[in-house]
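Reading through the structure tokens given below for one structure.
Proteins come first, then strands; the chains are lettered A, B, ... in the order of their sequence lines, and each starts at number 1. Everything numeric in this text was worked out from a predicted model, so none of it was measured.
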2 protein chains.
Amino acid sequence: MKINTSHDLGSLIRDRRTKIFRSQQELASRVGVSRLWIMQLEKGKPTAQIGLILRTLRELGMALDASPLQTPAPHRSGAAAVNLDHIIKSALPAKP
Amino acid sequence: MKINTSHDLGSLIRDRRTKIFRSQQELASRVGVSRLWIMQLEKGKPTAQIGLILRTLRELGMALDASPLQTPAPHRSGAAAVNLDHIIKSALPAKP
DNA sequence: ATATCATGTCTACGATCGCTGACAAGTAAA
DNA sequence: TTTACTTGTCAGCGATCGTAGACATGATAT
């Protein structure tokens, strides 16, 4: 499943948690965090730390993958895809 | 690419950053974070916040996916795989 | 040699994390 | 009803984040 926002992550974790554990407390104890943190994470907390998130996902039997952006909005200005950026960079003479 | 630790994430981001941008500072400015934060992230900072990470990945033309754990080490104690947990939970008398 | 970068490493400092502990609302059994 | 459980919310607090700024090193030139 694609994770574009912290809310996506929260929904995913909640879905998975409700299938495997009986309560937020149960997952929290396994991961080693507070129930409050699990609750906030499921609500899309954008300040949650990646280390705790990875531990949580592992406890839920999941892992993260990185994949190229399918709906490209990489650069605000009308820049093209990543490969083009690469080409431009390689072609530039000096380093502004 | 599989991301199991924050170091995996750091390596991935650094590889991608060096291909697209000319410096840590350039990426940092685009994302809206400090160069120090980018540097620490590339070194595997486990306390980096997921919101900033997602913004960074987007700037690098990438997104995150969640996938089932292929090499299962889900529960420390002798518990079995996730599906079994599910079955056990479903079989328990008190459901809550 | 001199200049110019990129990267890594430090020191503060304000802002905020994640924690504990408590409480209320809702649900579901006994 | 009463009892037990889950979830969401709140306040307070120590610990730590992310930042700005400065500095040293190494590389790449000129």
Report task. Walk me through it: do B:Leu41 and B:Leu52 pass the test side chain to side chain contact (heavy atoms under 4.5 Å, CB included)? Result -> CA-CA 10 Å; B:Leu41 178 64; B:Leu52 300 180; over 6 Å; no
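- Using a 4.0 Å cut-off, no side-chain N or O of B:Lys43 falls inside it from OP1 or OP2 of C:dT7.
- Distance, A:Leu27 CG to D:dT6 C1': 14 Å, rounded to whole Å.
- The B:Ser34 side chain lies nearest to D:dA20 when the options are C:dT7, C:dG18, D:dA20.
- When the C1' atom of C:dT7 is taken as reference, atom CZ of B:Arg22 falls 17 Å away, rounded to whole Å.
- Below the 3.5 angstrom threshold, one finds no donor paired with an acceptor across the side chain of B:Arg35 and the base of D:dG18.
- Contact between the side-chain N/O atoms of B:Arg17 and the OP1/OP2 oxygens of C:dT7 is found at a separation under 4.0 Å.
- To the nearest angstrom, P of C:dA15 lies 17 Å from CG of B:Leu52.
- The side chain of B:Gln24 contributes an N or O atom lying less than 4.0 Å from OP1 or OP2 of C:dG8.
- Residue A:Thr47 places at least one side-chain N or O under 4.0 Å from the OP1 or OP2 atom of C:dC17.
- Listed for the B:Arg35 side chain is no donor-acceptor partner under 3.5 Å among the backbone atoms of B:Ala28.
- Rounded to an integer number of Å, the gap from CG of A:Leu36 to C1' of D:dT9 is 9 Å.
- With rounding to whole Å, B:Trp37 atom CH2 is found 20 Å from D:dG21 atom C1'.
- Annotation: of the two residues near DNA chain C, B:Arg14 and A:Lys45, the 5′-most nearest-nucleotide partner is B:Arg14.
- Atom CD1 in A:Ile38 sits about 16 Å away from atom P in C:dC17, given to the nearest Å.
- Residue-level contact check: B:Gln40 touches neither bases nor backbone, having no heavy atom under 4.0 Å from any strand.
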Requested in this report: Report the C-alpha separation of B:Ile13 and B:Ile38 in whole Å, then their side-chain angles, then the decisive distance to 0.1 Å, and conclude whether the side chain to side chain contact (heavy atoms under 4.5 Å, CB included) test is met.
Outcome: CA-CA 9 Å; B:Ile13 287 181; B:Ile38 294 287; 5.7 Å; no
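- Protein atom CE of B:Met39 is 12 Å distant from nucleotide atom P of D:dG18, rounded to whole Å.
- Atom-to-atom, CD of A:Gln49 to C1' of C:dT16 comes out at 11 Å; the value is rounded to the nearest Å.
- With the nearest nucleotide of DNA chain D identified for both A:Glu26 and B:Gly32, A:Glu26 has the one nearer the 5' end.
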Query - side chain to side chain contact (heavy atoms under 4.5 Å, CB included) assessment of A:Ser67 paired with A:Asp65 - result: CA-CA 6 Å; A:Ser67 62; A:Asp65 291 90; 5.9 Å; no
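- In this structure, the side chain of B:Asp8 engages the main chain of B:Thr5 through a donor-acceptor pair within 3.5 Å.
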